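These notes concern the structure reproduced below.
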4 protein chains.
Amino acid sequence: MAAPKTKRQQASQQRRQAILDAALDVFAADGFSAARLDDVAEKAGVAKGTIYLFFKDKEELFEQMVVAAISPVLARFEALAALETMPLDQMLDTLFTYFQAEVLATRRRDVIWLVLTEGRRFPHIAETYHRMVVSKGLGIIRRIAHNAYKRGEISWDGLERFPHLIFAPPLMALIWGGLFSTYQELDVADLLKTHRQLLMNAALPKPQEV
Amino acid sequence: MAAPKTKRQQASQQRRQAILDAALDVFAADGFSAARLDDVAEKAGVAKGTIYLFFKDKEELFEQMVVAAISPVLARFEALAALETMPLDQMLDTLFTYFQAEVLATRRRDVIWLVLTEGRRFPHIAETYHRMVVSKGLGIIRRIAHNAYKRGEISWDGLERFPHLIFAPPLMALIWGGLFSTYQELDVADLLKTHRQLLMNAALPKPQEV
Amino acid sequence: MAAPKTKRQQASQQRRQAILDAALDVFAADGFSAARLDDVAEKAGVAKGTIYLFFKDKEELFEQMVVAAISPVLARFEALAALETMPLDQMLDTLFTYFQAEVLATRRRDVIWLVLTEGRRFPHIAETYHRMVVSKGLGIIRRIAHNAYKRGEISWDGLERFPHLIFAPPLMALIWGGLFSTYQELDVADLLKTHRQLLMNAALPKPQEV
Amino acid sequence: MAAPKTKRQQASQQRRQAILDAALDVFAADGFSAARLDDVAEKAGVAKGTIYLFFKDKEELFEQMVVAAISPVLARFEALAALETMPLDQMLDTLFTYFQAEVLATRRRDVIWLVLTEGRRFPHIAETYHRMVVSKGLGIIRRIAHNAYKRGEISWDGLERFPHLIFAPPLMALIWGGLFSTYQELDVADLLKTHRQLLMNAALPKPQEV
DNA sequence: AATGAATGAGGCTTCATTCAT
DNA sequence: GATGAATGAAGCCTCATTCAT
């Protein structure tokens with residue numbers, strides 16, 4: 001926890017971080033199996049063997065990289081949770097704007113992508129990501145929906161039961177951006193704005209029985 | 001296109017199909033890079049060299065496998081398109097039920113998973129999938145929304161502009177099933193039913209300006 | 001057990017044997033750790049990967065090589081055992097002559113050397129060698145001594161209790177040849193002849209109490 | 001040669017000795033190639049780089065270590081040589097007892113083991129060991145035999161010509177202890193006592209012509 | 001056409017050695 | 001002197017691909 005004191009330790013931390021940064025790039029570009037540690041080392045500006053001073057093997061590098069990339073997200077979550085008293089519409093706007101600026105436009109997008117693409121073969125990654133990010137994120141959205149419900153902004157408990165419905169379109173935007181935007185552009189801002197309209201439209205009317 | 005005539009040709013086609021089936025299993029389990037052609041050959045019941053009689057290399061096998069797995073989906077799409085006159089609510093119910101039964105519970109789920117996880121490094125796959133499946137599927141949903149709009153079931157053009165909003169939750173269900181269901185179960189039927197309620201609730205009211 | 005029938009199988013057996021032969025040379029020259037499988041492959045006239053068609057890894061190659069080299073020795077042992085009725089002096093002469101011609105002057109010397117030098121870090125090798133060669137060999141020598149005792153050629157049970165005493169000088173000759181003969185020649189034939197004299201001299205006199 | 005004077009020099013000598021001690025342990029356990037200088041440094045309580053302050057490389061460390069371990073043996077040899085007037089039987093008893101107590105039960109056993117196992121690939125080691133230990137040791141034994149011959153205790157020159165015959169069984173005991181004692185115990189004291197009986201039995205009788 | 005033994009390029013990992021602190 | 005982080009050469013092993021049968 002404490003910041004390292006000596007120059008040696010600082011340099012060591014910087015090296016470790018450089019390796020993690022390079023690893024994110026390389027793993028995101030090639031996937032775990034196809035990624036070459038030579039590339040990671042070169043991009044990090046260290047020798048191949050240096051990686052092994054910090055990480056037992058390729059797998060541990062991968063897992064540590066994901067965990068390290070996740071950590072800062074958690075701090076942000078706390079801030080978002082503090083906004084739970086905001087009106088629903090404004091809250092959704094804040095959330096989606098944040099998602100576009102702080103996830104889709106940053107390396108965090110690559111982290112999520114790696115969790116998606118490699119999570120199945122790294123259950124530890126999937127489990128960690130679920131515990132540290134997904135369940136917390138859904139919990140926050142759920143509380144937002146719950147508060148809106150209590151305030152009378154929503155006359156329906158669907159969003160509270162399935163906060164996934166709020167997050168599904170942003171996730172789709174991320175996936176589209178990764179796979180299809182080359183072939184067909186997607187206006188993410190408009191998509192999310194329309195999603196917000198959808199949610200607000202559905203918020204108040206009495207739900208029809210299906 | 002024509003059905004093979006001679007027994008020899010039939011046997012060849014069966015071999016080819018066995019290889020494609022095995023490849024789907026193996027690629028889905030391990031990903032493209034980590035998958036071993038030894039495993040594909042063994043699972044298909046052929047010798048390793050036989051694979052190269054049908055496919056130039058590992059990459060072509062992968063791409064052909066995805067294309068072959070996509071094809072049958074297209075026929076289904078035609079059928080769905082024919083139901084475009086159905087009332088919106090019923091149509092959504094049909095769509096989601098179909099998705100659960102015919103995608104999530106079958107090997108088609110694995111195909112989509114592979115497109116998600118490998119599409120980035122196989123632009124040809126992503127492009128093909130987008131052209132043959134995604135754009136067609138979104139087109140169908142878009143027409144459904146359009147028809148409903150014309151019939152007065154929807155007083156809002158959001159779904160027509162972004163049919164993605166209809167498909168996002170089913171996609172999320174697929175992803176959740178692949179990554180997180182081990183750690184937290186998701187009631188997909190309930191999720192999709194709630195999604196349908198959301199869509200119907202939002203269908204008629206005048207959209208609020210955002 | 002059955003001889004391989006097809007040409008393919010024969011060629012395979014020859015390859016396997018070529019690898020084992022090369023492995024003996026390389027391991028004997030460099031020791032297990034320093035030996036390079038590249039060298040084994042080159043000397044065997046096969047590609048590096050071919051080794052792994054027959055042996056799981058370097059360690060298994062080493063162990064199989066020792067076992068394969070030991071096997072023929074056992075057949076010889078049976079022949080020696082059959083000579084147990086021979087007069088002691090003649091028997092010793094036969095034994096030592098055999099050892100010089102069939103061990104010291106052949107690759108079997110290298111096998112014993114490898115058991116000596118690597119046996120400690122390959123307990124499986126040491127155990128196998130002890131079970132298949134050492135205990136059997138000592139058993140034969142012991143019976144030889146026992147028979148000579150019964151026939152009155154020896155008036156003393158020392159050699160029966162410690163057949164090691166008969167084998168110790170041949171072993172020393174082997175070690176000397178491996179380590180010191182460059183610096184000081186050892187006349188092995190004379191050594192073993194003198195050893196035989198020693199044994200025969202000691203055979204009949206009443207042992208003095210020590 | 002001169003004892004170091006300053007504290008710094010003393011500390012340096014202690015470090016050097018600690019490294020040599022650790023090296024003996026590690027080399028004996030793993031062999032030259034498989035031994036890791038990391039382990040030597042850790043066991044010696046110094047940093048890895050410190051080893052290179054005293055020794056040019058791994059090979060020199062190994063050779064110096066063997067030489068250093070050999071030196072004390074030489075002093076003992078002088079003492080043994082002084083006993084050459086002792087009656088043969090008593091002399092052998094002293095020798096063998098010394099070997100059991102001062103070689104087999106100490107780290108000197110490991111040194112001999114290393115000379116055996118690595119001497120072939122370190123001719124310098126083998127040559128040094130031969131010159132400093134083997135030839136001197138055999139010389140002592142030879143003089144013992146010679147003196148006994150002159151005193152009439154032996155009526156035969158075999159042991160004088162091949163003092164190896166006296167040392168072979170102790171060497172075999174050492175080898176047996178390193179390789180096979182786990183699988184079959186060897187009573188070394190009894191073996192050597194029996195060996196002594198054998199030698200004494202053979203000492204006086206007129207040798208038969210072979 | 002089908003086989004599967006053989007190949008060898010390429011990646012992960014280790015560890016002797018160096019050198020800035 | 002002493003350290004130990006950093007280096008990078010080298011070796012084991014895998015596996016896509018080839019080709020003689």
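Residue numbers begin at 1 in each chain, while the letters A, B, ... track the order of the sequences. The structure presented is a predicted model; accordingly, all values stated were derived computationally and were not measured. Worth knowing before you read on, the calculation uses all heavy atoms, side chains too, and leaves out hydrogens, waters and symmetry mates.
Remark on DNA chain F: of its neighbouring residues D:Val46 and C:Glu59, the 5'-side contact belongs to D:Val46, judged by nearest-heavy-atom nucleotide. Each of B:Gly49 and A:Ser33 has a nearest nucleotide on DNA chain E; the 5'-most of these lies closest to B:Gly49. Between B:Phe54 and A:Phe32, the one whose closest nucleotide on DNA chain E sits nearer the 5' end is B:Phe54. When the nearest nucleotides of DNA chain F are assigned to A:Ser12 and B:Tyr52 by heavy-atom distance, the more 5′-ward of the two goes with A:Ser12.
The shortest side-chain heavy-atom distance between C:Asp38 and C:Lys48 falls under the 4.5 Å cut-off. Considering only heavy atoms from C-beta on, C:Ser33 stays 4.5 Å or farther from C:Glu118 through its side chain.
Of the side-chain N and O atoms in A:Arg36, one or more sit less than 4.0 angstrom from OP1 or OP2 of E:dG11. Distances shorter than 4.0 Å separate some side-chain N or O of B:Thr50 from OP1 or OP2 on E:dT3.
Within the 4.0 angstrom heavy-atom criterion, no nucleotide atom of any strand lies near D:Ala11. Residue D:Lys58 is classed as a sugar-phosphate contact, given heavy-atom separations below 4.0 Å to backbone atoms only. Note on D:Ala35: only backbone sugar-phosphate atoms sit closer than 4.0 angstrom, heavy atoms only; bases stay farther off. Note on C:Leu37: only backbone sugar-phosphate atoms sit closer than 4.0 angstrom, heavy atoms only; bases stay farther off.
With rounding to whole Å, B:Gln13 atom CD is found 14 Å from E:dA1 atom C1'. Atom CZ in B:Arg16 sits about 16 Å away from atom C1' in E:dA1, given to the nearest Å. Rounded to a whole Å, the CZ atom of A:Arg8 is 10 Å from the C1' atom of E:dC19. Rounded to an integer number of Å, the gap from C:Lys56 NZ to F:dC15 P is 15 Å. Taking atom CD of residue C:Gln10 and atom P of nucleotide E:dA6, one finds them 14 Å apart after rounding to whole Å. Per the geometry, CG belonging to B:Leu61 stands 11 Å off P belonging to F:dA16, to the nearest Å. The distance from atom CD1 of B:Ile51 to atom P of F:dA16 is 9 Å, rounded to the nearest whole Å. Between the CG atom of D:Asp30 and the P atom of E:dT14 there is a distance of 15 Å, given to the nearest Å.
When distances run from any side-chain atom of D:Leu53 to the nucleotides F:dT3, E:dA1, E:dT18, the shortest one goes to F:dT3. For D:Arg15, taking side-chain heavy atoms from C-beta onward, the closest of the listed nucleotides E:dT13, F:dA2, E:dG10 is F:dA2. Among F:dT3, F:dA16, F:dC13, the nucleotide with an atom closest to any side-chain atom of D:Ala47 is F:dT3.
Between B:Arg107 and B:Asp110 no salt bridge is recorded (no basic side-chain N to carboxylate O distance below 4.0 Å). Ion pairing between a basic and an acidic side chain is recognised when a charged N comes within 4.0 Å of a carboxylate O; B:Lys43 and B:Asp21 show no such pairing.
No donor-acceptor pair closer than 3.5 Å links the side chain of C:Glu42 to the backbone N or O of C:Asp39.
Of all nucleotides present, only F:dG8 satisfies the Watson-Crick or G-U wobble test against E:dC15, with each distance under 3.5 Å. Both distances falling under 3.5 Å, in either a Watson-Crick or a G-U wobble arrangement, occur for no nucleotide opposite E:dA1.
Note on ring orientation: taking the six-membered ring where Trp is involved, the planes of A:Phe27 and A:Phe32 are parallel (angle under 30°, cut-offs 30° and 60°).
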